There are 2 protein chains.
Amino acid sequence: MTLDEGKQKFLQSWGALGSSWGINRTMAQIHALLLISPEALSADEIMDELMISRGNANMNIRALIDWGLVYKELKAGERKEFFVAEKDMWEVVKCIITERKKRELEPMLKIMDELSSVPETDERSEAFVKVIRDIKLFGSKADSTLDTLTKSDSNWFVGTFMKMIR
Amino acid sequence: MTLDEGKQKFLQSWGALGSSWGINRTMAQIHALLLISPEALSADEIMDELMISRGNANMNIRALIDWGLVYKELKAGERKEFFVAEKDMWEVVKCIITERKKRELEPMLKIMDELSSVPETDERSEAFVKVIRDIKLFGSKADSTLDTLTKSDSNWFVGTFMKMIR
DNA sequence: CGCAGATTTCAGTAAAATCTGAAAGCTTAT
DNA sequence: ATAAGCTTTCAGATTTTACTGAAATCTGCG
């Protein structure tokens, strides 16, 4: 397989993977493109490579920066902005865990808290509250586990953790 | 908060959560509805409760069954099918991990394998192959970790694991 | 200041995902 | 065998999400 074929296939599958994780195709593709690029790319280069509009490129690059997956880089003597992706896979995964935890897990736990105030007066409300409590319990455990995980380093994960868990 | 208010809010937020995880709103809502229902529900009851069409209900119920999150239940003397959700949260999570691993992680690793055959002839192809290898390495670790996780039981997760990891 | 080069915004459009409803397909009781 | 009662399917409609392109805004240099 040639580099160009491989690159196309990678952009394609990273984009598809993103879709099934609630991340839009283009955002994932920009991320993929920056991941495999040895140097920082400008917005124009990204637009070109992925054949997308300026607006689309801009919005998705901003989103990636918000997620902490991409950094802005200014080249001396250039007025344009260039972008680089975080290349360390463990950092990438930590980033994603941290952001999703903040955006989804935490708000969800907050809602479960409110919901657990439903009075348990019959079978239906008992079943309801039980589910809410279980979700809350499980969610809290996951929350603190993920906290610990994102504070530990890559070697710990790929080394020690693997042995401990087996 | 009354049961009905709480229920509405729960259906609503579980649906929203699903969306950001690549699961469609309705599928997540049917799951939510079955989770909090003390008895099995028929397709008609689900259609009614969520105000959706027969076709929509049927397709999403099937999808939930495929995921292993919902079971078909036949009541004696009834021709209709009834549906119950798996209520044990740890089982639910194991189900989701197992399915997503099978549907996404494994195919992705397969693609990375193909992609790592790109020859490393210059800076660009070296960077490309390095990223592919990193993803593969990380993905394989995740794969076996998740395997171990889904084979362990709930108590182990909420108990031991939490202590070990701290 | 004024303008050239660059980024951001956003209304309108396009594409993708999801849903509907009716028809076709099963299953079981008689 | 057939009809009633359910379930499944799927073409077309609807809704949601994403993208475009051009105008507005920003930035900093002469």
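Since the model is a prediction, treat every value here as computed from it, not as a measurement. Lettering of chains follows the sequences in order, A, B, ..., and the numbering in each one begins at 1.
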| task | Please state how far atom CG in A:Leu50 lies from atom C1' in D:dC19, giving the value in whole angstrom units. | result | 13 Å
Quick one: side chains of residues 65-79 of chain B, donor-acceptor pairs under 3.5 Å with protein atoms, not counting sequence neighbours, listed by atom name and distance.
| residue | atom | partner | partner atom | Å |
| --- | --- | --- | --- | --- |
| B:Tyr71 | OH | B:Glu86 | OE1 | 2.6 |
| B:Lys72 | NZ | B:Glu81 | OE2 | 3.0 |

| message | Please report the distance, rounded to the nearest Å, between CE in A:Met47 and P in D:dA18. | response | 20 Å
| task | Note down the inter-axis angle between the two ends of the helix from C:dC1-D:dG30 to C:dT30-D:dA1, five pairs each, to the nearest 10°. | result | 10°
| A:Met51 has an atom CE; how far is it from atom P of D:dT20, in whole Å? | 10 Å
| query | OP1, OP2 of C:dT18 versus side-chain N and O of B:Thr26: anything below 4.0 Å? | reply | no
| said: What I want to find out is whether B:Lys87 reaches A:Asp134 closely enough, with some N-O distance under 4.0 Å, to be called a salt bridge. | reply: no
| request: Could you tell me whether a side-chain N or O of A:Ser117 sits under 3.5 Å from a main-chain N or O of A:Asp113, the two making a donor and an acceptor? | output: no
| query | Base, backbone or nothing for each nucleotide of nucleotides 4-16 of chain C, written B, S, -, heavy atoms under 4.0 angstrom, 5' to 3'? | reply | BBSBBBB------
| request: Using whole Å, report how far CD1 of A:Ile30 lies from C1' of D:dA18. | output: 12 Å
| remark: When rounded to whole Å, the CG to C1' distance for the pair B:Leu64 and D:dT7 reads 16 Å
| said: Between P on D:dC6 and CG on B:Asp48, what's the gap in Å once rounded to a whole number? | reply: 14 Å
| CD1 of B:Ile46 versus P of C:dC19: gap in Å, rounded? | 14 Å
| query | If we ignore angles and hydrogens, is there a donor and acceptor under 3.5 Å between the side chains of A:Ser125 and A:Asp122? | reply | yes
| remark: A:Ile52 atom CD1 is separated from D:dT17 atom P, nearest whole Å, by 20 Å
| note | Shortest non-hydrogen pair, B:Leu115 vs B:Phe128, comes out as O-CE2, 3.9 Å
| Residues B:Ile97, B:Lys102; criterion side-chain contact (heavy atoms from CB on, under 4.5 Å); working and verdict | CA-CA 8 Å; B:Ile97 292 176; B:Lys102 190 166 71 195; over 6 Å; no
| task | Measure the acute angle between the ring planes of A:His31 and A:Trp14, then classify it against the limits of 30° and 60° as parallel, tilted or perpendicular. | result | tilted
| task | Decide, yes or no, whether a salt bridge links B:Glu99 with B:Lys94 under the criterion of side-chain N to carboxylate O below 4.0 Å. | result | no
| message | Any donor-acceptor pair under 3.5 Å linking the side-chain atoms of A:Gln29 with those of A:Thr26? | response | no
